[in-house]
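Indexing begins at 1, ligand by ligand and atom by atom, following the structure's order.
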Amino acid sequence: MKFPKKICAVFPLFMISMAAFSQSFPACTNASSDPDGDGWGWENNQSCQVVSQCNWYGSPIPLCTSAATGWGWENNKSCVSRATCATAPNGLPASSTSSSSRPNTSSNSSSGFSSSGNSTSTTLQENVSGFCGVDGSIDSNHVGYTGSGFINTTNAVGMGVNYSVTVDSASYVMLEVQFASINNRPGNILVNGNVVGRLNFVSTGAWTSWTTENLTIPLSAGVNTIRIASTTDGGLPNIDSLNLVGNGIRPAACNANPGDLKNPPVKSLGCGKALSLQDGRKTITSNGRERVYHVRLPRNYDANKPYRLFYVSHGLGGISEDIYGFLDWFGLKPEAEKAGVQAIWIAPSVPNRGDPWGEADHALFDNITNFAKANLCVDTSRVFVTGMSFGGMISYSLSTNHQKVIRAGFGMSPANYNVWLPNPKRTDPIAWMQTTGMSDGTTPWDGGNGRGAKYIALEKARDNGCNVPSNIETWRAGTSSDHLCVDMQGCNANYPVKVCTFNGGHTHDPRDRGASTSWVPAEAWKFFMQF
Ligand code: GCU
Ligand code: CA
Ligand code: CA
C-alpha cells in the first residue's frame, strides 16, 4: 500500500494542485486502516491521515490504539480514544487543518490550536539561530528564495534538515515549509525524534517556483528538535524556510538540549517583561483551590537575564513561611549569595500546618512554575527542586514524572513511601542528590521491602545509566569524617547521582564533629552549580 498510488487513483486530475489539498485529508478513525504503518490509511474510498496525538484542549495527549471510547492507558501513559478526542475543539488536527485555515497571525488574534495567548510567527532560515544543519548543502542557484539561500539535501532516503526551537508550554503549532521541487519529494516531520506527521512536498513544477505546505505539530515545553527527513530516494525538495505559527516560539541554540551539562540558558516567555511581582507571600489557584507560596526574587532583578529557579518544599508540620523565614531556604540561598549567584527562590505551602504533600501538589508545581516562567525571566533548563523529609519526598515524587522540566532534584532525608507517587513512574534520567542520617528512624536508609532512601538512590542509578552497585557505601562509625558522599560511577555524564549519608538522625542540618555549620548546603550548591 503506497500512499502516492492511492492519491493518483483518487485525484488523477488534481496532481498539479496537490499542494492545496495537502492538509485536507480526514484523520483515520481506526488505526487498522494503516496496516503498513506509513502514517496513511484508507477509509471511505479515500486516504486518511493517521494521527498519533490528540490536541486535548491545548495539551498533546497520545491517541489510544486500542480503547475505542473514553480514556485508556498504553505505553505507560494515559491515552485518549479517537472518539473522545474528537469531542475537543480541533482535537484531531489533521481533520481540522487545511491550507486555508492558517491561523491569523495579527498581533491580537488568538490561535485556534494552542492553549492560550496570541499566535506569533517565527521564521527559521538557513545558517541563523534555530537552524541546526542539513544532510547536504546550502545553495543559492535558483532565484525566488528568501534569506541567504535554501537547503538542498542529498537525494537519498532519510536525508534531512534539523532545527531547534523552544516554547514555554506544550502546545500545537503550525509548521509551514516553503519549498520548490520538480517532482514529488515526501518527507516525515520528526519532533524530538518522533515522527509526528508527513508532508507530501508535491512538485511545484520548477526549482524557481516556491510554495508552502503545512502541518500542525505538537511541541513539548522547553527545547524541541524539528527534523524533516525524506522518505524516498529523491531526497527532500529544496527548502527555503520554515515558519512556525503558535504561542511564544523562539529559535533555540542547537546544543541547548537541557540535558547537556552547562548548556546555554533557555529563556522563558517572561524574559523581557517588566517585573510585576514582589518578594513575599503569594496565592495561586490550583485544582480549584487557593494555595499559598512564598517567593524571593533576585536583587536588582534584570528582566533580560534568565535566572535559575529553586522550588523548595517544607517538611511535615511546616508551611512556606518557614522556608522563607527562619529556615532561610535550608541554607541554600545563603550559599548562593556567597557564590554571588542571584536566583528565583520559591517555596510552596501545604494548605495548613500538618497537611501532607500529595498528588495535587504535582499540579501545584506546574501551576507555580508555569506562572513564574510566564512572568519572570527563568532559565527553563535550570529549574531545581529540593526539600526536607516530606519535602524531600515530594521532591522525589516530582522527579519521577517531571524529568523534562526539572533539571536536578535534591532530597534531604527523603523516602519513597507514604507519599503519592505516579504509577508507573517515568524512568527518564534526572540528576539527583540525597542526604540521609544513618540513625534516621523517620525516613530510614533501609526500611526493608524496597522502602527507604537507599532504594531511591538505586532507582536513580538505574534510570541515569550508572553502574548499579550491589551495595552503596554509607557512612560508618569509626571513620574520620561524620559524613560520606558517594558519586555513583558510570552514569550518563549529564545525569549524575550523589548519595550522602551521615552520622545522625532526621535532620537537614547535620554537622561534622567540631563544625559550627552543616556541610550540606555547600555540597548541594556544588551539585546544583555543575549544570
Ligand atoms: C538539481 C537542482 C538542485 C536540486 C537537485 C535535486 O541539481 O539544481 O537544487 O536540489 O536537482 O534533484 O535535488
Ligand atoms: Ca537535492
Ligand atoms: Ca532561505
Problem - Min heavy-atom dist D139 to ligand 1 below 4.0 Å - result: no

Handout entry: Nearest neighbour in protein (non-hydrogen) for atom 11 (O) of ligand 1
Key = W207 CZ2, 3.5 Å

Handout entry: side chain to side chain donor-acceptor pair (under 3.5 Å) partners for N370, two or more places apart
Key = none

Completion exercise
Rounded to the nearest 0.5 Å, the CD1 atom of I344 sits from the CG atom of L376 at a distance of 4.5 Å

Handout entry: Separation between CD1 of I182 and CG of N238, rounded to the nearest 0.5 Å
Key = 9.5 Å

Exercise for the section: Look at the side chain of T208 and the backbone N and O of G144, then say whether any donor-acceptor pair between them is shorter than 3.5 Å. Expected result: no

Exercise for the section: Might you check, step by step, whether the distance between atom 8 (O) of ligand 1 and some protein heavy atom is under 4.0 Å? Expected result: yes

Handout entry: Top protein contact for atom 2 (C) of ligand 1, by heavy-atom distance
Key = H142 NE2, 3.4 Å

Practice task
Decide whether Y396 and K425 meet the rule of one side-chain donor and one side-chain acceptor closer than 3.5 Å.
Solution key: yes

Practice task
Indicate yes or no for a side-chain donor-acceptor contact from T204 to the backbone of T211 under 3.5 Å, with no hydrogens or angles considered.
Solution key: no

Problem - Where ligand 1 meets R185 - atom numbers and elements under 4.0 angstrom, heavy-atom basis - result: 6 (C), 12 (O), 13 (O)

Handout entry: R296/D279 ion pair, N-O < 4.0 Å
Key = yes

Problem - Closest protein heavy atom (residue, atom, distance) for atom 6 (C) of ligand 1 - result: N155 ND2, 3.1 Å

Problem - N, O or S atoms of the protein lying under 3.0 Å from the Ca ion (ligand 3) - result: Q125 OE1, E126 OE1, E126 OE2, T146 O, G149 O, D240 O, D240 OD1

Problem - Between R426 and N401, a side-chain donor and acceptor under 3.5 Å - result: no

Exercise for the section: Taking atom types as modelled, find out whether N243 and T123 have a side-chain donor-acceptor pair closer than 3.5 angstrom. Expected result: yes

Handout entry: Side-chain donor or acceptor of E213 paired with backbone N/O of N200 under 3.5 Å
Key = yes

Practice task
Quick one: list whatever passes side chain to side chain donor-acceptor pair (under 3.5 Å) with K305, sequence neighbours left out.
Solution key: none

Fill in the blank from the handout: ligand 1 atoms nearer than 4.0 angstrom to some heavy atom of N238 are 3 (C), 4 (C), 9 (O), 10 (O)

Problem - Atoms of the protein (N/O/S only) found under 3.0 Å from the Ca ion (ligand 2) - result: N152 OD1, T153 O, N155 OD1

Exercise for the section: Assess the side chains of T146 and D240: does a donor N or O sit below 3.5 Å from an acceptor N or O? Expected result: yes

Exercise for the section: Identify whether the distance between the nearest side-chain nitrogen and carboxylate oxygen of D168 and R250 falls below 4.0 Å. Expected result: yes

